[in-house]
Amino acid sequence: MTYKEVAHTNSYEFTQGGGYELPTYPFVPPPEIGSATPANHPIVIVGGGITGLTMACSLARLGVKAILIDEDDTVGVKGASSRGICYTQKSLEIFERLGVYEPIAAKGVQWSVGRTYAGTDEVYSFDLRQQGNFHLSEQPPFINIQQFYIEAFLVDRINALGHVELRWRNRLTAFEQDDKSALLSIETPAGSYQVRAEHVIDATGSASPLRKWLNVPFDSKRGDDRWCIADVRFTTRPPQERHTWIEAPFNENRAVWQHLMGDEVWRIDYQMAPNADPAQVSREDVVRERLARQFGKDVQVEIVWVGPYAYRSECVHAMRAGRVFFMGDSAKIVSPFGARGGNTGVADADNLAWKLAAVQRGQAAPALLDSYEDERLEAARENVRVTNRTARFLRPADGIERVYRSAAIALAKRHAFARPLINTGRMAVANPYTRSRACLYRAGSAAGQSVQNVAFRWANGREGRVNQLLDWVGSDLLLLCFGALSKAALARLAGLAGTTPLRVVQVAGAGDAAQAVEHVRDPQGHLRGACQVQTGDWALVRPDGYLAASGHAIDGELVQAIALSLGLTGVHA
Ligand SMILES: Cc1cc2nc3c(=O)[nH]c(=O)nc-3n(C[C@H](O)[C@H](O)[C@H](O)COP(=O)(O)OP(=O)(O)OC[C@H]3O[C@@H](n4cnc5c(N)ncnc54)[C@H](O)[C@@H]3O)c2cc1C
């Protein structure tokens, strides 16, 4: 196998290798070529990476028309193997709603145990299955799978669903917008054309041209940390756990990551010296020597792909510029520690898709779209903060940072209390929204938290899942009423459901008679637990599985919560 010089692909510095054959998609000349007047499209998604494709699939599932353009004709980054490998429970729940979870679960590898070493001492470990916030969902805490597989499954699903047209080898070359529409200039192998759009999704990744053209302000930080991935297949399998070393004796006391993904391919990620030469550290003989130092000189490995990389962190000041919404890496870039890049791109898309659908259908006010920034900018900032912290732990500056790290490692070797100080990556979570204009915050309510895909019983006794309820509501709101309902409450609910995009489900307790049109049972209280409510409460769940509000009586507060969730302000009970 030969390795070429470093390729700059979407701002990550990767060495090209020939490990995987990615699918290619045909270029179909768009009908607009040759037309003097630009065609109108309500939504144009620019970029078909994991974020843009999730957005496209979410819109297609809701029956919303859009086009997606991508300058490439494949998934993943050409010549760069897979970037992402770990997908968190929230993403897996979203993928289930989108209809791509089954192939992901079949191809990927589940894991929940992580162990961290300093030298030969284990200094930290966790089992996510034992943690209350993970164990009730139908989806596991994590699945490891090559990012391009997920993207390819999404492409197939979008094509099957219809509504969204995927246009490969269509490159955005210029952009302008005014209060009437956005105008996009697009280049293809068959010529150029223009389209007008009401809303534009920038999912072009970390080198976003739109961000540059629109002069979007952002914070940026670049360190001198260098890494080199070796994706390999072993003859003898290491344990199926996530192992990380802060100080690996076999890597000059630098950090190492070891993780299994699909096709029995292991990702071994080695921290390099800050001045490492990418070409030298990715030479096959050097990579083999490094692997032999870790696994023994008799280790038998097939090298699938090698990629040295550096990273930077960035975060925009605003998630929207006029008609353009930034999402995924175009909105923020994080170091890979904790798998917070792709996972949050998926969450960005899930957040905006139902809002756009509701606004397009006239079910919600355009102001609802502003809550995208409230929620996903908070998430982006938090993810940048958390991953920067990890990066500083892994490559501390000389002085106090290095002293702190040495002290933390020394303490963790001897005392359990110090183990949480070890930071080789805080794994991605469903970010809570604590200051969204679309949520109603009240003491005791878990508004802004994600509701897990837990089990309940349908009226006929069969097991159901939260995702099935969300499938049923589409882009409507879901109101769960726990326990018995008074006649007055039922009449008020019927009125609300008749005038707003709201579906009401009574969650009957063991002794409650079923009263509402739709009712389910929650014998184990999982649904109540997931919404963090008591019997007698209601919970307003959004199409993205987030809790908008919860409360006790069917009164003005519920009316206000519905109004906020639909972007309506100034509504009185
Ligand atoms: C080593 C490494 C490990 C990682 N591990 C993980 C992990 O385990 N889990 C995780 O969640 N994340 C991980 N990440 C991060 C993850 O890979 C990124 O966050 C993710 O790829 C971002 O997806 P995106 O769709 O926003 O952007 P991209 O994947 O960069 O996609 C952008 C798309 O836009 C297209 N495009 C660009 N410009 C134009 C244009 N002008 N016109 C048309 N199309 C255009 C491109 O062709 C591309 O398809 C990792 C990253 C690295 C580097």
Side-chain angles (χ1 to χ4, degrees), residues 9-14 22 25 44-56 67-78 80-88 90-92 108 111 142-148 150-151 154-155 166-175 184-188 200-213 225-231 242 257 259 261 267 269-270 305 307-314 326-349 380 383 387 425 427-428:
T9 45
N10 274 334
S11 297
Y12 295 105
E13 296 157 25
F14 280 105
L22 300 174
Y25 303 106
V44 177
I45 303 165
V46 190
I50 194 166
T51 305
L53 289 169
T54 302
M55 184 69 191
I67 62 167
L68 179 150
I69 58 167
D70 193 285
E71 62 184 1
D72 209 350
D73 63 354
T74 184
V75 286
V77 177
K78 259 189 195 150
S81 181
S82 175
R83 284 180 283 161
I85 63 165
C86 294
Y87 295 92
T88 185
K90 180 68 188 179
S91 299
L92 299 172
W111 66 276
F142 274 94
I143 284 184
N144 277 13
I145 182 172
Q146 291 84 332
Q147 180 171 331
F148 55 75
I150 298 185
E151 294 174 4
L154 285 166
V155 169
L166 302 178
R167 297 185 176 186
W168 304 104
R169 299 183 71 190
N170 278 239
R171 179 184 169 81
L172 180 70
T173 52
F175 178 84
L184 296 91
S185 303
I186 300 165
E187 236 171 60
T188 79
V200 177
I201 310 300
D202 179 8
T204 53
S206 57
S208 160
L210 279 159
R211 243 175 66 180
K212 264 176 243 143
W213 298 333
D225 201 10
R226 299 282 176 273
W227 290 72
C228 185
I229 291 171
D231 284 350
R242 174 185 191 258
W257 267 224
H259 243 203
M261 48 185 167
R267 167 152 298 179
D269 201 354
Y270 297 96
W305 181 75
Y309 68 95
Y311 57 83
R312 62 181 198 270
S313 84
E314 278 181 16
F326 303 102
M327 59 171 60
D329 277 14
S330 85
K332 52 91 200 61
I333 310 170
V334 293
S335 71
F337 317 119
R340 287 175 183 252
N343 282 300
T344 51
V346 168
D348 288 345
N383 289 314
T387 47
M427 300 309 288

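Computed over heavy atoms, backbone and side chain alike; hydrogens, waters and symmetry mates excluded. Numbers here are sequence positions counted from 1. As the structure lists them, so they are numbered: ligands from 1, and atoms in each ligand from 1.
Using a 4.0 Å heavy-atom cutoff, Thr173 is absent from the residues neighbouring ligand 1. Using a 4.0 Å cutoff on heavy atoms, Ile229 counts as a contact of ligand 1. In this structure, Gly345 does not count as a contact residue of ligand 1, since none of its heavy atoms falls inside 4.0 Å of the ligand.
Between the side chain of Ser330 and the main chain of Phe326, no donor-acceptor pair closer than 3.5 Å is present.
Contact annotation: for Ala339 versus ligand 1, heavy atoms closer than 4.0 Å belong to both the backbone and the side chain. Contacts with ligand 1 closer than 4.0 Å are made by no heavy atom of Trp227, backbone or side chain. Contacts with ligand 1 closer than 4.0 Å are made by no heavy atom of Ser208, backbone or side chain. Within the 4.0 Å heavy-atom criterion, the part of Tyr87 lying near ligand 1 is the side chain and not the backbone.
Distance check, rounded to the nearest 0.5 Å: CG of Asp72 to CZ of Arg171 gives 10.5 Å. Note that CG of Leu92 is 10.0 Å distant from OH of Tyr87, once rounded to the nearest 0.5 Å. If you take CD on Glu151 and CD on Gln146, they are separated by 11.5 Å, rounding to the nearest 0.5 Å. Between the CG atom in Asn343 and the OG1 atom in Thr88 there is a gap of 5.5 Å [rounded to 0.5 Å]. To the nearest 0.5 angstrom, Ser206 atom OG is 8.5 Å from Arg211 atom CZ. Taking OG1 from Thr344 and CD1 from Ile50, the interatomic distance works out to 10.0 Å, rounded to the nearest 0.5 Å.
Taking any N or O of Ser330, backbone or side chain, none lies under 3.5 Å from an N or O belonging to ligand 1. Checked by distance only, ligand 1 and Gly342 come closer than 3.5 Å through their nitrogen or oxygen atoms. Considering backbone and side-chain atoms alike, Thr51 places an N or O below 3.5 Å from some N or O of ligand 1. Remark: ligand 1 and Cys86 share an N or O pair separated by less than 3.5 Å (distance only, no angle test). Ligand 1 has no nitrogen or oxygen under 3.5 angstrom from a nitrogen or oxygen of Met327.
Among Asp329, Ile85, Thr74, the residue whose heavy atom lies closest to atom 18 (C) of ligand 1 is Asp329. Between His259, Arg83, Glu151, Met55, it is Arg83 that holds the heavy atom closest to atom 2 (C) of ligand 1. Of the candidates Gln147, Arg171, Gln146, Gln147 brings a heavy atom nearest to atom 17 (O) of ligand 1. Counting heavy atoms only, Glu71 comes closest to atom 44 (N) of ligand 1 of the residues Glu71, Met427, Arg340.
Side-chain atoms of Phe175 and Asp202, non-hydrogen and from C-beta on, never get closer than 4.5 Å to each other.
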Test Tyr25 against Trp168 for ring-ring contact (aromatic ring centres under 6.0 Å, His included), laying out the working first.
-> CA-CA 7 Å; Tyr25 303 106; Trp168 304 104; 4.7 Å; yes

Test log, rule ring-ring contact (aromatic ring centres under 6.0 Å, His included), inputs Phe337 and Trp257 = CA-CA 10 Å; Phe337 317 119; Trp257 267 224; 5.5 Å; yes

